[in-house]
Trainee: 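There's a structure below that I have some questions on.
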Amino acid sequence: MLSTNKRLSQAASAALVGLLFAGTAIAAPLVVRSAGPSAKAYPAGKALPDNAKIVLKAGDSIVLLDGRGTRTLSGPGTFAASGASTVAAASASSTLGALVSGGGERRARIGAVRSASGIDKNAGKNPNVWYVDVTRSTNMCIADPSSVTLWRPSADQAATVKVTKADGTSADVSLAPGQAAVLWPSALPVTDGSQFKLSWDGASAPTNLKFVVVKPNSPGLEDMAQSLIKAGCNAQLDLLIQTTSLPSGGGAG
């Protein structure tokens, strides 16, 4: 099963790692999430000049992303759009690289944090931004429709997931105890705009998916985030933000 997970990730990894890290220059900051009174002034997807000053009111919160990672700014205050350290940036890039290309055996490298008791705090977290979380209804962005992977957060027991297309055709995929990832059923090809429902014993409700095929030729992390925002691939955007989070210190005036 370990080798299967590795094979599942390799098909998309080469193109996608190149997509994220093809350039070495740090691009201008991009707003990837905003809330509060000033949200309309800083909508998700808005690119900011690198030297911009961000003025936030009480109750405001925005998340900025650039080639170094993501930072969360909370008002009130005035903040510099650019402000991540080189050390933190290197750590975020390494973590994101693992998130994009990591399979089962590399999971411990994906921002692994263990408590004093030795418990992995990342247990149950999606190890790859391109894996389909079977528990979350969302638009799902993919670069290679032929190598879609299903992933489940809890792999303690065996499970059979029924995948049903909008036209009613379906196929089952089985996961053994300890197996978290499995290839999408070949009998139900994924195409741009195709919709599916996932169901299994014990699920409170079916999971609804809509696939969006994106082109793996964007020059940087910000372009990937723009694609996720425009396509409404919120689960992947959330994972991207969490994985590349940098210290938000400094910049307030």
Side-chain angles (χ1 to χ4, degrees), residues 12 15-97 99-101 111 129-130 138-143 192 210 212-253:
L16 294 169
V17 170
L19 179 157
L20 296 179
F21 303 112
T24 56
I26 302 299
L30 177 75
V31 178
V32 292
R33 182 173 293 158
S34 62
S38 304
K40 289 184 179 180
Y42 302 104
K46 180 176 181 177
L48 301 174
D50 196 54
N51 61 352
K53 294 296 182 180
I54 300 169
V55 180
L56 300 181
K57 301 176 182 178
D60 280 333
S61 177
I62 70 171
V63 180
L64 296 180
L65 177 145
D66 60 20
R68 294 164 290 206
T70 58
R71 290 182 299 136
T72 300
L73 307 178
S74 299
T78 300
F79 304 84
S82 177
S85 71
T86 303
V87 174
S91 175
S93 294
S94 175
T95 299
L96 182 61
L99 177 74
V100 170
S101 61
V129 72
W130 308 108
T138 184
N139 287 2
M140 185 69 198
C141 290
I142 53 171
D192 185 43
K210 180 180 179 180
V212 181
V213 177
V214 295
K215 296 180 180 180
N217 59 359
S218 300
L221 180 60
E222 299 80 5
D223 297 280
M224 174 188 174
Q226 283 279 27
S227 295
L228 298 180
I229 292 169
K230 291 178 180 178
C233 296
N234 296 324
Q236 290 162 288
L237 183 64
D238 289 346
L239 188 57
L240 186 68
I241 291 171
Q242 294 165 11
T243 303
T244 60
S245 178
L246 296 171
S248 58

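Sequential numbering from 1 along the given sequence is applied to the chain's residues.
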Trainee: If you measure from OG on Ser74 to CG on Leu56, what distance do you get to the nearest 0.5 Å?
Mentor: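 With rounding to 0.5 Å, OG (Ser74) is 8.0 Å from CG (Leu56).
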Trainee: Assess, by modelled atom type and distance only, whether the side chains of Thr138 and Asn234 contain a donor and an acceptor separated by less than 3.5 Å.
Mentor: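 Judged by distance alone, the side chains do not pair up.
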Trainee: Restricting to non-hydrogen atoms, name the atom on Asp66 and the atom on Pro29 that form the minimum distance, rounded to 0.1 Å.
Mentor: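 So the two residues come closest at CB-CA, 4.1 Å.
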Trainee: Check for a donor-acceptor pair, side chain of Asp60 on one end and backbone N or O of Lys57 on the other, with a separation under 3.5 Å.
Mentor: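 Indeed, once roles are kept as given, a pair shorter than 3.5 Å links the two residues.
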Trainee: Report the distance from atom CG of Leu48 to atom OH of Tyr42, rounding to the nearest 0.5 Å.
Mentor: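 Reported to 0.5 Å precision, the distance equals 7.0 Å.
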Trainee: If you take all heavy atoms of Gly45 and Leu30, which pair is closest and at what distance?
Mentor: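 In this case the closest contact between Gly45 and Leu30 is O-CD1, 3.4 Å.
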Trainee: Rounded to the nearest 0.5 Å, what's the gap from OG1 on Thr70 to CD1 on Ile62? Could you check?
Mentor: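 The OG1 atom of Thr70 sits 12.0 Å away from the CD1 atom of Ile62.
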Trainee: Given the rule in the side chain to side chain contact (heavy atoms under 4.5 Å, CB included) test, do Val214 and Ile142 qualify, once you have shown the distances and angles that lead to the verdict?
Mentor: CA-CA 6 Å; Val214 295; Ile142 53 171; over 6 Å; no
Trainee: Looking at every non-hydrogen atom in both residues, tell me the closest pair between Ala231 and Asn139 and how far apart they are.
Mentor: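 Looking at all heavy atoms of both residues, the closest pair is O-ND2, 2.7 Å.
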Trainee: Under the side-chain contact (heavy atoms from CB on, under 4.5 Å) test against Leu73, which residue among Val31, Val63, Ile54 passes?
Mentor: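 Looking at Val31, Val63, Ile54, the match for Leu73 under the side-chain contact (heavy atoms from CB on, under 4.5 Å) is Ile54.
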Trainee: Looking at every non-hydrogen atom in both residues, tell me the closest pair between Val213 and Ala143 and how far apart they are.
Mentor: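 For Val213 and Ala143, the tightest heavy-atom pair comes out as CG1-O, 4.4 Å.
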Trainee: Mark yes or no for whether Lys46, through its side chain, and Ala41, through its backbone, hold a donor-acceptor pair below 3.5 Å.
Mentor: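 Checked: pair present.
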Trainee: Can you tell me how far the CG atom of Leu237 sits from the OG atom of Ser227, to the nearest 0.5 Å?
Mentor: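 Leu237 CG to Ser227 OG: 11.0 Å, rounded to 0.5 Å.
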Trainee: Report yes if some heavy atom in the side chain of Ile241 is under 4.5 Å from a heavy atom in the side chain of Val32; otherwise report no.
Mentor: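 The answer is yes, as the side chains (C-beta and beyond) meet within the 4.5 Å cut-off.
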Trainee: Which heavy atom in Ser34 sits nearest to a heavy atom in Ala39, and how many Å separate them?
Mentor: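 Closest heavy-atom pair between Ser34 and Ala39: OG-O, 3.7 Å.
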Trainee: Could you state the interatomic distance from OG1 (Thr72) to CG (Leu64), rounded to the nearest 0.5 Å?
Mentor: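 Between atom OG1 of Thr72 and atom CG of Leu64 there are 8.5 Å.
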Trainee: How long is the gap from OG1 on Thr243 to CD on Gln236, to the nearest 0.5 Å?
Mentor: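 So the OG1 of Thr243 and the CD of Gln236 are separated by 11.5 Å.
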